[in-house]
Amino acid sequence: MQRIVIKSYESKKSLVSPIVFLLLGLLLFLNPGNVVEFVSYIFGGVFLALGISKMLADFKRMDRTTGDMFYSIMMVVLGIIFIFFSGTIEFIIRLSIGVWIIINALNTIAIGANLMRVDRNSIVSLIIGFILLLIGLYTIFVSNLILSTLGLVLVIYASLSIVDYFYVQAKNR
């Protein structure tokens, strides 16, 4: 059996993306509500600017259609929704994820109940289903849980990438 020996350890890794992810993760973990509001304001501003600029361009054109005006109005409305209802957007995301978890939990409970008829040792499926049900409800009722968890995952990822970067750099010397 041949042994592979690495004589040079070349890498084109950079610290830029791990540091950006680390900062984004810290922001999401420590202050998810304000991050959602900020991103919502940015999206709202972009939609509003696109809608207004499209509307102005449509007024200058001679061959405009009702579809063009509808598109412009929808962009303006979307922009206003994102700007004035930024807190609601976070709730809708949280509600969607929570409902999805609850639906899967109910499915798991149903499968577990059917398995219990065949095998009494299938109580694990029922327990997992009820745990998933509680997680789904917790996700719906606790604000910013999803974004805080995402922030924590980004911090861990970025930290591991930074450690790997320095490990690779040490191997190059």
Side-chain angles (χ1 to χ4, degrees), residues 13-52 54 67 70-167:
K13 286 189 161 217
S14 169
L15 276 178
V16 174
S17 64
I19 289 174
V20 168
F21 280 127
L22 180 67
L23 293 175
L24 181 64
L26 285 172
L27 281 173
L28 279 172
F29 183 70
L30 298 174
N31 201 355
N34 286 345
V35 171
V36 169
E37 275 188 47
F38 179 72
V39 170
S40 184
Y41 290 148
I42 289 175
F43 276 117
V46 168
F47 285 139
L48 201 56
L50 286 173
I52 291 172
K54 177 96 171 81
F70 177 76
Y71 171 77
S72 304
I73 292 171
M74 287 307 299
M75 294 298 282
V76 169
V77 168
L78 261 175
I80 291 170
I81 289 172
F82 270 85
I83 290 172
F84 291 109
F85 299 105
S86 60
T88 307
I89 292 170
E90 186 269 334
F91 174 73
I92 291 171
I93 292 170
R94 195 174 73 223
L95 182 68
S96 301
I97 293 172
V99 166
W100 180 72
I101 293 171
I102 289 172
I103 289 170
N104 284 317
L106 294 175
N107 188 32
T108 304
I109 290 169
I111 290 170
N114 285 333
L115 285 176
M116 284 292 290
R117 294 180 189 160
V118 178
D119 183 16
R120 293 284 178 206
N121 294 330
S122 305
I123 195 156
V124 173
S125 291
L126 281 174
I127 293 171
I128 289 172
F130 283 113
I131 291 172
L132 285 173
L133 185 65
L134 291 174
I135 289 172
L137 291 171
Y138 188 74
T139 301
I140 290 173
F141 293 116
V142 176
S143 69
N144 300 325
L145 174 71
I146 301 296
L147 295 175
S148 293
T149 305
L150 177 64
L152 183 62
V153 169
L154 283 175
V155 167
I156 292 169
Y157 163 75
S159 300
L160 291 173
S161 292
I162 291 169
V163 167
D164 183 56
Y165 174 83
F166 286 114
Y167 176 76

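Values in this document were obtained by computation on a predicted structure and should not be read as measured data. Along the sequence shown, residues carry numbers from 1.
- Under the 4.5 Å side-chain criterion, counting only non-hydrogen atoms from C-beta, Leu15 is in contact with Phe166.
- Nearest heavy atom pair, residue Val155 against residue Leu26, reads CG2-N, 3.5 Å.
- Leu154 CG to Ser161 OG: the interatomic distance, rounded to the nearest 0.5 Å, is 10.5 Å.
- Rounding to the nearest 0.5 Å places OG of Ser125 at 10.5 Å from CG of Leu132.
- Counting non-hydrogen atoms of neighbouring residues, nucleotides and ligands closer than 6.0 angstrom, the CG atom of Leu152 exceeds 12 such neighbours.
- Scored by the side chain to side chain donor-acceptor pair (under 3.5 Å) test, Asn107 finds no partners at all (sequence neighbours excluded).
- For the residue pair Ile162 and Pro18, the shortest heavy atom distance occurs at CG1-CB, 3.6 Å.
- For the residue pair Glu37 and Ser86, the shortest heavy atom distance occurs at CG-OG, 3.4 Å.
- Across all non-hydrogen atoms, the minimal contact from Leu22 to Ser159 is CD1-OG, 4.1 Å.
- Between Phe21 and Tyr157, the two ring planes are perpendicular [angle over 60°; tilted spans 30° to 60°].
- Between Val35 and Leu147 there is no side-chain heavy-atom pair separated by less than 4.5 Å.
- Listed by first and then second residue, the salt bridge (Lys or Arg N to Asp or Glu O under 4.0 Å) pairs involving residues 91-104 are Glu90-Arg94 (not counting sequence neighbours).
- Considering all non-hydrogen atoms of both residues, Met116 and Leu126 come closest at CG-CD1, 3.6 Å.
- The shortest side-chain heavy-atom distance between Ile102 and Leu106 falls under the 4.5 Å cut-off.
- The distance from the CZ atom of Phe43 to the CG atom of Leu78 is 11.0 Å, given to the nearest 0.5 Å.
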